[in-house]
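The block underneath contains the structure these notes are about, expressed in structure tokens.
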Number of protein chains: 2
Amino acid sequence: MLNIPERKAILPGSIQQVAIVGGTHGNELIGVYLVKKFQQFPDLIQRQSLDCITLLANPGAIAANRRYLDRDLNRCFGDEDLANLELVGYEDKRAKELAAQFKPEQQPTIDLLIDLHSTTANMGLTLILDSADPVTMQLAAYLTTVHPTVQVYYSANSGRQQDALRSIAKSGLGIEVGSVAQGTLRADLFVQMEVLVVSILNYLEQFNQGKILAFEKQLTLYRYLEAIDYPRDQSGEISGMIHPQLQFKDYQPLYPGEPMFLMFDGTVVPYTGNATVYPVFVNEAAYYEKNIALCLTEKQTVVI
Amino acid sequence: MLNIPERKAILPGSIQQVAIVGGTHGNELIGVYLVKKFQQFPDLIQRQSLDCITLLANPGAIAANRRYLDRDLNRCFGDEDLANLELVGYEDKRAKELAAQFKPEQQPTIDLLIDLHSTTANMGLTLILDSADPVTMQLAAYLTTVHPTVQVYYSANSGRQQDALRSIAKSGLGIEVGSVAQGTLRADLFVQMEVLVVSILNYLEQFNQGKILAFEKQLTLYRYLEAIDYPRDQSGEISGMIHPQLQFKDYQPLYPGEPMFLMFDGTVVPYTGNATVYPVFVNEAAYYEKNIALCLTEKQTVVI
């Protein structure tokens with residue numbers, strides 16, 4: 001069960017310092033170019049009660065059109081790694097820089113950090129919540145009301161609460177949009193992500209002005225259970241692919257016995273779990289090297 | 001008009017030496033893993049009259065899961081570049097190696113080289129012909145009869161006849177499959193590409209055994225006209241994206257005045273040509289750096 005602090009739907013204080021971040025992964029272009037658009041047209045993100053900054057998190061990787069140069073920036077913000085002076089790769093140095101800037105002496109200065117990602121999986125518009133933090137839970141409840149196609153992925157067990165860039169803020173929200181190939185834009189998804197960010201800022205503005213009252217709402221979450229690797233041969237080489245019946249079926253129920261992988265030799269590997277699960281990050285390009293073919297989630301409805 | 005040598009549908013001699021090549025671009029995984037499959041199960045590509053070899057063209061890029069390490073291998077086979085001893089990057093050295101192996105003293109040893117590619121554009125299964133070479137024209141006519149969804153892209157004006165890897169063989173055939181994100185497999189497209197390669201080998205076997213007679217056939221080609229760059233601002237930065245109405249619409253007619261780009265500021269840039277054209281490589285990830293948003297083709301029907 002989720003550990004939700006209280007059932008009072010009250011946000012702690014106002015949300016004034018907001019950061020909109022793109023390019024944490026340099027080849028996820030929708031976030032990169034949306035941040036550049038906001039930098040070019042700052043009126044779009046100005047609100048009376050907000051101090052909203054924009055940031056391109058990994059300029060080296062953006063310039064190289066790669067996810068990262070030395071290692072995944074979005075895994076560099078664990079306390080131990082930030083304190084480890086022997087980690088001097090490009091992203092480790094960049095993480096220390098950003099942590100010093102936005103979390104000086106362990107005190108976060110950003111109330112809400114919105115980190116814009118994209119994925120080759122068919123995850124549509126997804127909010128990623130790393131914890132049961134009431135700020136983002138309430139925000140997700142609001143956004144899924146206004147935009148019913150938005151899905152909520154609850155990643156608390158995945159490690160991102162500890163090591164993601166958004167972990168350096170008081171509250172962090174990831175947004176995934178897909179499917180889109182790395183190194184490309186997709187205009188329809190770009191527009192959808194822009195609309196979602198504008199909705200967030202409008203919500204915060206109304207909240208800060210006391211116009212959003214406490215409310216009780218059901219929120220459907222897809223809670224991370226485990227990551228599944230590709231089938232591999234004895235040398236560690238991939239020996240199969242996501243089965244066509246599972247490809248692009250993120251958030252659709254996967255029942256025990258249904259096909260999961262199509263092996264190169266033509267045989268089918270089914271899902272052998274006992275419970276119905278809901279896959280996400282199905283065939284995400286960046287996860288091949290992380291030994292993740294898909295992530296399994298369970299669907300939960302919570303009242304917040 | 002196409003310069004087709006003769007209208008006699010007769011292939012010059014038998015086609016015995018065949019090379020199936022994957023990984024010319026290291027992050028186009030379908031070709032890479034299809035070649036690995038053929039290496040693991042060589043019976044799939046053995047035919048009595050054929051000497052069929054397999055090749056992973058760019059092992060360095062495959063290991064790095066990148067298109068290339070120093071520069072695009074599929075642009076390294078021009079005669080001048082091959083003769084230029086100052087070009088010593090990874091791909092230039094690899095190109096010289098492959099040319100020495102397969103085209104010693106300017107004499108090609110491979111009768112037909114089939115180069116397996118994939119694209120983020122929605123090009124389905126596409127045969128790429130770089131010239132009006134009768135071997136590949138006849139083959140394309142046969143394959144489009146057997147597999148009616150296969151499209152034929154005639155690239156003769158694009159430069160690939162001179163600098164592509166397949167240019168080192170007597171006859172070269174490119175196969176594109178998409179849309180698929182770089183660094184990912186897609187099982188349905190993998191299977192389709194495998195079926196197509198098997199069809200090619202079956203055709204060659206029958207042809208070599210005299211079982212395929214000369215035939216006259218109409219062949220629909222999409223002939224390369226020009227490449228169109230993204231709209232850019234004064235600093236050279238992209239200022240728009242493929243319009244949603246054009247995204248994934250490869251091989252569909254684009255009429256004068258129809259939307260081509262959606263600018264980040266929300267305005268629409270239409271196609272301003274006078275003639276109806278047929279776009280291909282729409283939003284191909286690897287072409288952003290080549291300043292190509294899409295390629296325009298004209299549709300032609302030829303009798304071969």
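Lettering of chains follows the sequences in order, A, B, ..., and the numbering in each one begins at 1.
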Can you tell me which of A:His243, A:Arg66, A:Glu289 forms the most heavy-atom pairs within a distance under 4.5 Å of chain B? A:Arg66
Checked B:Ala181, B:Gly240, B:Gly266 vs chain A; the most non-hydrogen pairs under 4.5 Å come from B:Ala181
Tell me the closest heavy-atom pair linking B:Gln182 and A:Ala285, and the distance in Å. O-CB, 3.6 Å
Side-chain heavy atoms of B:Ile242 within contact of A:Thr184, under 4.5 Å: no
Taking the side chain as every heavy atom from C-beta outward, state whether A:Tyr288 and B:Leu29 have any pair of such atoms under 4.5 Å apart. yes
Identify which part of B:Phe261 has an atom lying under 4.5 Å from any heavy atom of chain A, answering side chain, backbone, both or neither. neither
Chain B contact via A:Phe248 - side chain, backbone, both or neither, heavy atoms under 4.5 Å: side chain
Spatial distance of atom OG (A:Ser239) from atom NZ (B:Lys37) [nearest 0.5 Å]: 12.0 Å
Gap between atom CG of A:Asp265 and atom CG of B:Leu44 - 0.5 Å precision: 10.5 Å
Side chain, backbone, both or neither: which part of A:Glu237 has a heavy atom under 4.5 Å from chain B? side chain
For B:Leu185, is it the side chain, the backbone, both, or neither that has a heavy atom closer than 4.5 Å to a heavy atom of chain A? both
Contact origin within B:Phe190 toward chain A - heavy atom pairs under 4.5 Å: side chain
Can you find a pair of side-chain heavy atoms, one from A:Arg186 and one from B:Gln247, that are under 4.5 Å apart? yes
So, do A:Glu194 and B:Phe264 sit near enough that their side-chain heavy atoms are less than 4.5 Å apart? no
Pick one of side chain, backbone, both or neither for B:Val180, based on which atoms fall under 4.5 Å of a heavy atom in chain A. neither
Are there over 12 heavy-atom neighbours, none belonging to A:Lys290, within less than 6.0 Å of that residue's NZ? yes
Given the options A:Asn283, A:Asp188, A:Thr120, which has more heavy-atom pairs under 4.5 Å with chain B than any of the others? A:Asn283
